[in-house]
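The structure appears right after this line, and notes come after that.
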Number of protein chains: 6
Amino acid sequence: MPVKSPSCRQTVRFDSNKEFSDELAGTVEKLLRQRARLSSFEHVSQVPKPSFRKAKELITLAQQLFFPGFFSPKPVTEVNVGYHIGQVLDSFYDLLSREVATSIRHDCRKYDYDCSDCQERGRRIAMEVVQRLPDLRDILASDVTAALEGDPAAGDHYDQIIFCYPGLFATMVQRLAHELYALEVPFLPRILTEYAHSKTGVDIHPGAQIGPKFFMDHGTGVVMGETTIIGSGVRIYQGVTLGALSIPRDAGAKLQGKKRHPTLEDGVIVYAGATILGGETVIGANSVVGGNVWLTESIPPNTKILIKTPELIVINGKKPAGKKK
Amino acid sequence: MPVKSPSCRQTVRFDSNKEFSDELAGTVEKLLRQRARLSSFEHVSQVPKPSFRKAKELITLAQQLFFPGFFSPKPVTEVNVGYHIGQVLDSFYDLLSREVATSIRHDCRKYDYDCSDCQERGRRIAMEVVQRLPDLRDILASDVTAALEGDPAAGDHYDQIIFCYPGLFATMVQRLAHELYALEVPFLPRILTEYAHSKTGVDIHPGAQIGPKFFMDHGTGVVMGETTIIGSGVRIYQGVTLGALSIPRDAGAKLQGKKRHPTLEDGVIVYAGATILGGETVIGANSVVGGNVWLTESIPPNTKILIKTPELIVINGKKPAGKKK
Amino acid sequence: MPVKSPSCRQTVRFDSNKEFSDELAGTVEKLLRQRARLSSFEHVSQVPKPSFRKAKELITLAQQLFFPGFFSPKPVTEVNVGYHIGQVLDSFYDLLSREVATSIRHDCRKYDYDCSDCQERGRRIAMEVVQRLPDLRDILASDVTAALEGDPAAGDHYDQIIFCYPGLFATMVQRLAHELYALEVPFLPRILTEYAHSKTGVDIHPGAQIGPKFFMDHGTGVVMGETTIIGSGVRIYQGVTLGALSIPRDAGAKLQGKKRHPTLEDGVIVYAGATILGGETVIGANSVVGGNVWLTESIPPNTKILIKTPELIVINGKKPAGKKK
Amino acid sequence: MPVKSPSCRQTVRFDSNKEFSDELAGTVEKLLRQRARLSSFEHVSQVPKPSFRKAKELITLAQQLFFPGFFSPKPVTEVNVGYHIGQVLDSFYDLLSREVATSIRHDCRKYDYDCSDCQERGRRIAMEVVQRLPDLRDILASDVTAALEGDPAAGDHYDQIIFCYPGLFATMVQRLAHELYALEVPFLPRILTEYAHSKTGVDIHPGAQIGPKFFMDHGTGVVMGETTIIGSGVRIYQGVTLGALSIPRDAGAKLQGKKRHPTLEDGVIVYAGATILGGETVIGANSVVGGNVWLTESIPPNTKILIKTPELIVINGKKPAGKKK
Amino acid sequence: MPVKSPSCRQTVRFDSNKEFSDELAGTVEKLLRQRARLSSFEHVSQVPKPSFRKAKELITLAQQLFFPGFFSPKPVTEVNVGYHIGQVLDSFYDLLSREVATSIRHDCRKYDYDCSDCQERGRRIAMEVVQRLPDLRDILASDVTAALEGDPAAGDHYDQIIFCYPGLFATMVQRLAHELYALEVPFLPRILTEYAHSKTGVDIHPGAQIGPKFFMDHGTGVVMGETTIIGSGVRIYQGVTLGALSIPRDAGAKLQGKKRHPTLEDGVIVYAGATILGGETVIGANSVVGGNVWLTESIPPNTKILIKTPELIVINGKKPAGKKK
Amino acid sequence: MPVKSPSCRQTVRFDSNKEFSDELAGTVEKLLRQRARLSSFEHVSQVPKPSFRKAKELITLAQQLFFPGFFSPKPVTEVNVGYHIGQVLDSFYDLLSREVATSIRHDCRKYDYDCSDCQERGRRIAMEVVQRLPDLRDILASDVTAALEGDPAAGDHYDQIIFCYPGLFATMVQRLAHELYALEVPFLPRILTEYAHSKTGVDIHPGAQIGPKFFMDHGTGVVMGETTIIGSGVRIYQGVTLGALSIPRDAGAKLQGKKRHPTLEDGVIVYAGATILGGETVIGANSVVGGNVWLTESIPPNTKILIKTPELIVINGKKPAGKKK
């Protein structure tokens with residue numbers, strides 16, 4: 001049926017050639033030979049690894065428990081709310097126990113530990129987290145209220161805060177991750193907070209301890225280190241760093257486990273772009289740290305500390321009138 | 001057929017136990033009892049809620065109308081372009097009218113208002129937005145041109161800007177959200193801009209008014225408040241904040257509705273990391289605000305204002321040669 | 001069967017009306033008429049365009065080659081690792097050759113060039129990248145090691161770094177994009193780096209040259225320009241800008257192709273929020289640039305340069321005790 | 001960057017041509033003009049239509065209620081079974097009430113009836129079906145038991161029957177569809193049975209009345225008409241037709257609503273390929289109809305009726321030895 | 001952190017063993033060595049192959065053109081029907097031209113033909129089919145009307161027939177496949193009809209010629225051979241075979257291309273289970289072939305031919321009363 | 001913002017009512033109470049169950065091994081065929097070993113057996129099947145060749161047979177299922193053949209033994225029982241039953257394990273609609289069984305046995321001319 005003609009051959013692909021095949025096979029060989037040298041950088045094992053997809057599922061289930069109806073794919077009604085909460089909690093428990101077990105087993109494999117009872121430990125830890133959920137829900141409700149009080153653009157829109165605010169999302173994920181961190185679950189807490197980091201630009205280490213009524217506005221660029229401690233009713237704006245004072249070249253080995261990040265007491269406000277560093281730095285209760293302030297030492301309670309606006313150079317025009325600072 | 005052996009029982013799961021079942025049921029009960037106290041933090045209702053998934057669909061449809069062919073899953077050709085635009089506009093109108101109606105109804109439910117005509121209002125508002133689209137498209141074309149003129153790395157790559165630049169994406173979404181904000185649609189505008197925030201790290205409130213030929217490079221960390229006003233041909237770099245002068249603890253209630261964020265007149269450039277605060281702060285036309293500058297007062301037109309580089313401490317080496325500033 | 005009743009008509013939709021239909025059709029007409037004027041802003045053609053979805057696939061395949069087993073949907077074991085690497089490399093080559101060809105053809109179409117051999121060139125370039133992969137893998141392994149050494153929170157968790165750290169992800173994508181950039185592939189490199197930008201908040205131009213043992217912590221807000229050069233063992237924190245000294249209004253045309261961004265020699269550390277600008281600015285080997293430092297000129301090797309903390313204004317409390325800097 | 005060469009133009013596609021565009025547009029016009037003439041064959045309306053996808057969802061939900069744990073995507077355990085049943089029943093009710101309302105509204109539209117309360121009627125009818133579910137479940141359990149008793153290959157594999165037997169599936173769907181048929185729901189019952197027909201090759205009209213303990217083996221090719229009545233404990237094999245006696249050319253108008261299909265009393269067995277026709281044909285209790293039998297009249301109870309094997313023509317060999325029938 | 005214990009090793013998988021690895025690799029080798037011998041049974045080539053998924057897409061697009069609104073995922077309204085038809089027709093043309101080209105190229109490859117212009121021929125053939133669509137739509141409308149007239153259970157439910165009847169679906173697909181068959185497209189027509197066969201149990205060869213007003217009730221088990229010819233207004237029931245008279249052991253080579261299947265003139269009805277064989281067998285106009293009739297020779301027009309019900313053997317009861325035939 | 005109006009309340013849903021909620025909860029209670037009585041009809045357990053989705057995956061993987069390149073989502077080329085076969089075989093082994101283990105464990109649970117080593121047995125059995133694959137592939141190749149020889153419509157289209165013929169698909173699945181059946185794997189073999197039954201209308205029990213060069217044309221309605229034995233080079237047409245002679249009411253218990261279905265020796269052809277019953281019925285080598293023949297006893301080799309066409313009743317016309325049989 002097809003008419004004979006000379007041009008069809010033009011579509012024959014180069015990569016059918018012997019030459020190409022050899023080159024590809026050569027690179028495969030190189031990559032396989034590298035394995036001996038780069039064995040720390042691969043995960044070649046039947047042992048499964050935790051995954052971002054599962055972490056995301058966990059977070060969505062937690063959201064459905066913390067804020068019933070907002071994050072469920074189907075309507076939650078007075079009629080089904082009991083069944084719904086039961087079903088979601090069971091799924092949350094089940095998935096969490098498996099992910100915790102996976103994380104522990106993964107860790108054992110890596111360190112060549114003999115371990116046992118991964119599944120059993122997964123279930124026990126998951127149940128401890130489950131029992132913490134009602135308290136976490138109260139704390140998250142206090143966070144929402146704090147956002148309402150702190151954001152002129154929020155109006156009385158509880159829903160908008162719960163549904164849209166990246167600061168609340170990052171806080172919620174960190175609070176959950178922190179429970180796992182406190183129970184010494186490896187790997188999984190960091191996956192949770194990195195998922196939130198990727199979605200919001202807010203990077204809070206699972207180790208950070210954050211009190212209730214926490215409000216973080218805008219959020220992008222916020223970084224909080226592992227040993228940060230934050231009291232109740234603290235408010236933080238975009239681009240704030242709560243970091244380590246200095247990080248030597250061999251920081252990894254030396255500083256692990258030490259308190260390296262600051263403490264913010266109750267009621268502190270830190271405006272955008274401020275940097276607070278050091279494990280012994282304490283911002284006293286109800287103090288205010290102005291935008292772009294750079295702090296490496298403690299300040300007492302009830303203090304307002306502002307950057308002295310750096311002198312400006314004005315070219316091709318007059319200095320802004322009435323400039324006083 | 002299966003050989004009898006004693007070990008299979010080992011896989012019986014803990015959670016089949018009566019004890020476990022009681023614990024889970026207990027937590028379910030706690031979560032349900034919390035509802036009385038936390039009723040503001042749930043959405044238990046048959047009334048549907050707006051969704052990020054739908055918001056994303058809306059944005060994709062808008063992209064297909066603003067930049068035909070770039071964001072369509074199938075090739076758009078001279079042959080089908082007419083059908084395509086028609087089909088997409090119809091889908092956009094349909095989806096928007098439903099999402100607007102959902103947002104209004106959601107709001108009514110919350111405030112316990114009696115409302116009517118949610119669907120009718122949804123359609124009317126969606127049609128107003130539809131009729132604005134050709135103008136928005138012209139403005140977005142001016143934004144693309146501004147990017148071409150402002151970015152040495154852009155070459156003459158219209159396509160790269162349209163397809164890749166997060167600044168353009170965030171601007172596009174905000175311009176769309178602003179139309180809905182101006183028509184007093186609740187909730188939905190914020191969902192749109194938060195979607196863009198999550199994707200780009202650029203957080204512009206739907207209320208901000210932005211003139212044509214707007215170019216935002218890199219973008220990550222940019223924050224613009226609700227009452228910001230931006231003229232024509234303005235250019236902004238990463239990490240810039242156009243914010244409120246100060247935010248008291250009870251800001252939510254007090255400041256709602258006031259002009260709290262600055263005004264940038266035509267042709268202003270604001271370099272990376274600059275912070276401009278206050279509702280009465282006006283940056284005069286064609287002025288330039290240098291990187292990291294902190295401004296809380298107005299500057300006249302045609303002014304170039306730079307940070308006086310803070311004195312540097314040089315350790316273990318000599319001060320950079322030729323340092324003059 | 002249905003009982004007759006008067007109320008069903010209420011659900012008849014407005015948009016069936018003639019009036020509505022005309023309005024929608026009118027907007028379609030306007031959008032089609034705009035095409036003549038806005039032809040640079042559309043992609044109406046049978047020629048396919050590169051896509052973010054394909055770029056994401058490419059990156060996932062590359063991850064599976066660089067860190068075998070970590071990013072594969074199925075377990076990679078000693079039994080299947082050889083088949084797996086072969087299969088993934090073949091897929092990577094195949095997809096890359098098609099995306100490169102698409103990018104070239106897209107470019108030709110745009111400039112109205114006569115070009116040939118898009119597919120052939122796609123294959124040749126893809127093979128060059130394939131042959132570079134083992135070297136890239138070595139370099140990425142050095143990056144992971146650098147992270148381990150530099151981050152006190154990392155412990156000895158290779159896995160956590162490979163799996164979770166956004167800085168490593170952004171670096172990996174940029175290294176891949178840079179290979180394509182160096183081979184003069186249009187469009188695609190930028191799509192790759194913008195995908196990473198969207199996911200991590202780290203915006204590194206494909207043109208930047210980055211040495212081995214590179215570690216970027218937290219990452220959000222980092223911007224590196226096209227002509228940046230970075231040595232071996234450099235460490236960078238969040239919010240750092242390596243940018244151009246100044247960007248005139250008509251920068252796009254004037255500065256294209258010139259070295260506009262700084263050079264960081266081996267072993268440099270740049271702390272959070274620092275800004276280093278200018279194509280002739282060189283940070284000497286093993287120097288340290290402190291947080292928030294603003295640099296527009298070179299500094300010699302082995303220098304530590306810190307911001308002199310700006311004076312602070314303390315209100316309603318006492319100045320922090322022991323303030324020395 | 002791309003080298004100029006003459007051959008790229010070869011990929012320009014024919015369909016960009018004016019000629020092609022005109023031809024396609026011409027066919028579009030023809031298809032649109034046909035609408036006036038073919039208006040009965042289109043569904044151009046905002047009113048939604050029932051869908052096979054939703055029908056499939058309904059069936060899956062029903063399966064989860066009838067045979068808990070077999071058809072649920074997640075494990076059903078003693079711990080979650082209560083939540084699970086509640087959640088699934090709520091989803092079933094909700095989806096069914098919407099699909100019934102859709103079917104009624106669709107019907108109204110078609111006949112140009114004024115109807116009201118589509119949603120209200122949908123809910124009322126769905127609730128009636130919900131209340132029938134426990135009884136249906138008992139009947140389906142009797143069907144499974146009947147299969148166990150009737151199939152030598154089934155062993156004691158309840159699970160295999162519930163999970164795999166197409167006869168049970170078709171029966172289950174028909175029983176559900178029959179409830180809707182009895183409540184005079186238009187359209188939807190037929191969609192349900194056609195879904196089962198497509199999956200199993202068993203075509204039972206929703207109108208057929210089938211008693212408990214029904215077992216249909218293999219099933220492919222079974223056809224049962226609208227007015228078929230089947231007693232308790234009946235067993236049917238593949239390729240059986242329970243049909244109308246004769247179907248005149250204008251059957252559609254004449255015979256609608258009359259009893260046109262046979263009645264099978266309790267305990268009847270009908271072997272493969274048998275055909276039983278006519279509304280007045282009654283197969284008496286416990287009778288057996290042999291394979292390939294063609295029956296158009298009643299037979300009394302306790303009768304075994306076999307086809308007299310038609311004489312065979314034997315060529316090129318001897319007639320089967322011992323042939324007696 | 002993990003407690004050391006002896007039992008974890010138990011989960012080490014057998015398949016990590018050397019032994020297992022060797023066995024798997026051995027089978028891979030065997031499978032690869034078989035290739036030399038079994039080269040006709042593989043499709044190892046860059047040349048793509050047609051697919052069932054694409055065939056299904058084609059059919060869905062065709063359904064949207066033949067019965068606007070019934071099979072579209074979104075509502076088709078008076079407002080968008082023009083855009084919709086245009087868009088769908090363009091997609092249909094585009095997909096069909098690609099699938100035709102793929103089928104031709106696949107064929108060339110197989111026979112080692114030199115061919116050219118696969119894409120060009122694909123487009124030309126697809127356009128011919130496009131231009132036939134309005135006529136096919138008229139014919140399909142006549143099929144729907146025939147179903148209404150012929151099925152007492154259909155009522156006046158055009159919608160039910162269009163949406164649910166497998167006979168109409170199989171007819172529609174065959175009519176489309178026949179157009180491609182007539183244009184000598186290889187492979188694709190058979191994929192289309194096998195898709196319909198799989199869904200409906202109706203197996204009509206793409207070569208069969210079927211007149212308008214065709215109605216096939218129930219359908220399961222219908223088989224019609226390649227050279228069948230069917231007039232106008234024919235009606236066929238389940239399990240009917242229109243086949244070849246006899247099929248010798250080497251039928252494949254001998255009979256290809258000859259008329260091997262019967263002809264049914266206008267207005268013929270064939271009841272369930274009838275078998276009509278032979279290329280010279282002609283059923284005269286308006287004749288009726290009764291259920292289970294076995295015909296290998298022609299019958300004149302206006303004849304009604306019934307099976308003489310084979311004598312029945314009645315055991316354990318009395319012969320049905322009033323048996324006359 | 002929303003205008004107050006009285007009509008919105010109309011959309012409040014009935015199902016928020018107390019009354020409705022009680023009714024739904026009541027049905028949930030009934031369904032839960034039924035559990036005590038219907039415990040054989042549920043699968044409430046943490047133990048997973050085999051699934052049709054996994055069975056389908058297994059079949060697709062097997063197809064990729066039997067007919068390389070035809071069923072792979074990506075092109076298989078000379079370059080990647082080795083990696084591809086290795087990867088697919090590993091996946092096949094892995095999935096099969098898990099599904100076998102699941103089937104065994106499921107069975108244990110049901111019978112309350114103590115079993116051990118489910119996983120170990122799964123792996124051992126899967127490896128035995130893997131080692132059988134090259135032989136199965138040879139046999140399937142012989143089936144394809146037989147189809148080519150037997151079907152005049154097949155031409156020399158190996159590809160069409162492999163890709164489209166439902167008879168080959170059903171045969172392939174049964175051959176695979178039979179291997180598992182022979183290794184006494186519970187449940188899974190039946191899931192495999194029922195999947196093929198659903199797709200093709202061909203119902204072959206996994207227990208049937210089928211020789212090479214088997215060709216089944218059209219297939220719909222074919223049924224073959226568990227103890228059927230089929231020689232080499234057998235050909236079967238649609239609607240053929242190879243069944244049990246008679247099936248008493250309590251057949252399930254009595255007949256299990258006995259040879260109940262016929263034997264077809266080498267080279268037998270059975271035409272459409274023929275029925276062959278009984279465990280002692282043997283069709284001698286190279287015999288031909290005509291269409292619709294009903295056989296319950298053996299026939300010797302080389303015999304052609306045809307139905308004596310039943311006398312026909314001719315009404316309203318003349319008897320077909322030249323009628324001889």
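Just so you know, these numbers come straight off a predicted model, no measurement behind them. Chain naming here is simple, since letters A, B, ... match the order of the sequence lines and numbering starts at 1 in each.
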From [X] [atom1] over to [Y] [atom2], what is the distance, rounded to the nearest 0.5 angstrom?
| X | Y | atom1 | atom2 | value |
| --- | --- | --- | --- | --- |
| D:Q131 | F:L24 | CD | CG | 9.5 Å |
| D:N292 | F:I307 | CG | CD1 | 8.0 Å |
| F:T241 | D:Y271 | OG1 | OH | 13.0 Å |
| D:D159 | F:E42 | CG | CD | 10.5 Å |
| F:Q46 | D:E78 | CD | CD | 10.5 Å |
| D:F66 | F:Q34 | CZ | CD | 9.5 Å |

Which heavy-atom pair separates D:F70 from F:K49 by the least distance, and what is that distance?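 In terms of heavy atoms, the two residues are closest at O-CE, 2.9 Å.
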What's the shortest heavy-atom distance between D:A141 and F:L38, and which atoms?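 Between these two residues, the closest heavy atoms are CB-CD2, 3.8 Å.
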Name the member of [options] that forms the most heavy-atom pairs with chain D at distances under 4.5 Å.
| options | answer |
| --- | --- |
| F:G201, F:G207, F:G225 | F:G201 |
| F:D203, F:L31, F:V28, F:L32 | F:L31 |
| F:L277, F:V293, F:V223, F:T227 | F:V223 |

By a 4.5 Å heavy-atom criterion (distance strictly below it), what part of F:R53 contacts chain D: side chain, backbone, both, or neither?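 Contact with chain D involves no heavy atom of F:R53 at all.
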Contacting moiety of F:S40, where chain D heavy atoms sit under 4.5 Å: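 Its backbone and side chain both get close to chain D.
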Just give me the residue among [options] that pairs up with chain F most often, heavy atom to heavy atom, under 4.5 Å.
| options | result |
| --- | --- |
| D:K199, D:Q238, D:R137 | D:R137 |
| D:L140, D:V76, D:I85 | D:V76 |
| D:T145, D:V144, D:T200 | D:V144 |
| D:P134, D:P166, D:P75 | D:P134 |
| D:D138, D:L133, D:V88 | D:D138 |

Contact check, side chains of D:V130 and F:E23, non-hydrogen atoms, under 4.5 Å: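 They are not in contact (no side-chain heavy atoms under 4.5 Å apart), so the answer is no.
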Within-4.5 Å side-chain heavy-atom neighbours: F:R35 and D:V81: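 A side-chain contact exists here, since the closest heavy-atom pair is under 4.5 Å.
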Is atom CD of F:E280 surrounded by more than 12 heavy atoms (other residues, nucleotides or ligands) closer than 6.0 Å?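 No, the 6.0 Å shell around CD holds no more than 12 heavy atoms from other groups.
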D:K213 atom NZ, over 12 foreign heavy atoms within 6.0 Å: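 Open.
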Could you give me the CA-CA distance, side-chain angles and deciding distance for F:R190 and D:Y165, then say whether side-chain contact (heavy atoms from CB on, under 4.5 Å) is met? CA-CA 9 Å; F:R190 184 66 181 252; D:Y165 275 38; 3.2 Å; yes
Taking the six-membered ring for Trp, is the centroid-to-centroid distance between F:F52 and D:F163 below 6.0 Å?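 Centroid distance F:F52-D:F163: below 6.0 Å, so yes.
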Heavy-atom distances under 4.5 Å only: say whether D:F71 touches chain F with side chain, backbone, both or neither.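 The answer is the backbone of D:F71.
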Let me know if D:D90 has heavy atoms under 4.5 Å from chain F in its side chain, its backbone, both or neither.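 Both backbone and side chain of D:D90 come within 4.5 Å of chain F.
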